[in-house]
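This report concerns only the one structure given below.
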Amino acid sequence: MVHSNCHTHTVFCDGKNTPEEMVRAAAEKGFACLGFSFHCPMTPDAVWTIRPKKIGDYTAEIRRLQQVYADRIEILHGVELDRDYCGVDPDSFDYTIASVHQLTKGDEHFDVDDTAETLRTCCERFYGGDWCALAADYYDRLSRFVIDVQPTVVGHYDLIEKFNEHGALFDSLDPRYLTVAKAHIDRILAHCPDVLFEVNTGAMYRCGKAQPYPAAPLLRYLREAGAKVIVTSDSHNTDSLDFAFATALAAIRAAGFTEVYELRRQNGKAVARPTAV
Ligand SMILES: [Zn+2]
Ligand SMILES: [Zn+2]
């Protein structure tokens, strides 16, 4: 079993609980390590990100909790960076998650994980209704960003699948789609062979998706390509800290992986440790 989660949000961005409530809940669940990964500020501003003037308080609070709970649980101070992040130095964190949440053209932008309708409108407006073109643009932005920032973790690789249960928006088994999604896995691994791809159960908790990101064909491809994976729940409250971890581990095993990584704290730094699955 996995006893850690490096992808969590708190009231400092769009989460529901304080960092201390999250720490207590994680300790009660028997977690060995909890990582905090607030949404960093972006240009243009997005409402779900931390307010820049709060970053100092937030960092101080995470560092305080590291001290107070040192004998009960390891705590890591991370960040979820988006492509258009601003106001933070990635090197100042214990670890980083690189994610893309928006597609932009000029001054116009759409969140890809807000609602199905928003994503549909985005596809019409930017790509003339061509979902493969949307996917190609999304994966291109994500892989470029990952190569640029060299993060610890790649966030929710196929986030554009969030509202695509039963192919509601596009055919994710279409070879054209899979070719694009796999090519960008190759591109990332060519530059960042040790990066961890998260197997993220966040949308299972928040909108009833049956399986975590990435979808099974991409998870199998990650294994074939020699990628490393880590389980997270992209948790925004204490109830979802280890939500559906058993399902995520089953998907990882079904894809043929023999180990999964966890982020742990060692000498004040985050280290990726493998465990057998
Ligand atoms: Zn995210
Ligand atoms: Zn997140």
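Just follow the structure's listing: the first ligand is 1, and inside any ligand the first atom is 1. Positions are given from 1 along the sequence.
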Under 6.0 Å between the ring centres of F38 and F93?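 Yes, the ring of F38 comes within the 6.0 Å limit of the ring of F93, centre to centre.
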Decide if the gap between the ring center of H3 and the ring center of F31 is smaller than 6.0 angstrom.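 They do not qualify: ring centres at least 6.0 Å apart.
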Measure the acute angle between the ring planes of H39 and H236, then classify it against the limits of 30° and 60° as parallel, tilted or perpendicular.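 Correct class here is tilted.
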Measure the acute angle between the ring planes of H156 and H101, then classify it against the limits of 30° and 60° as parallel, tilted or perpendicular.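 Ring orientation of H156 relative to H101: perpendicular.
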Residue-atom pairs from the protein, N, O or S only, that lie under 2.8 Å from the Zn ion (ligand 1):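 N, O, S partners closer than 2.8 Å: E80 OE2, H101 NE2, H156 NE2.
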We want to know whether R141 and Q102 form a side-chain donor-acceptor pair, criterion being a heavy-atom distance below 3.5 angstrom.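 Their side chains do not contain a donor-acceptor pair, so the 3.5 Å distance test is not met.
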Can you check whether R64's main-chain N or O pairs, donor with acceptor, with Q67's side chain at less than 3.5 Å?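 Not a single qualifying donor-acceptor pair exists.
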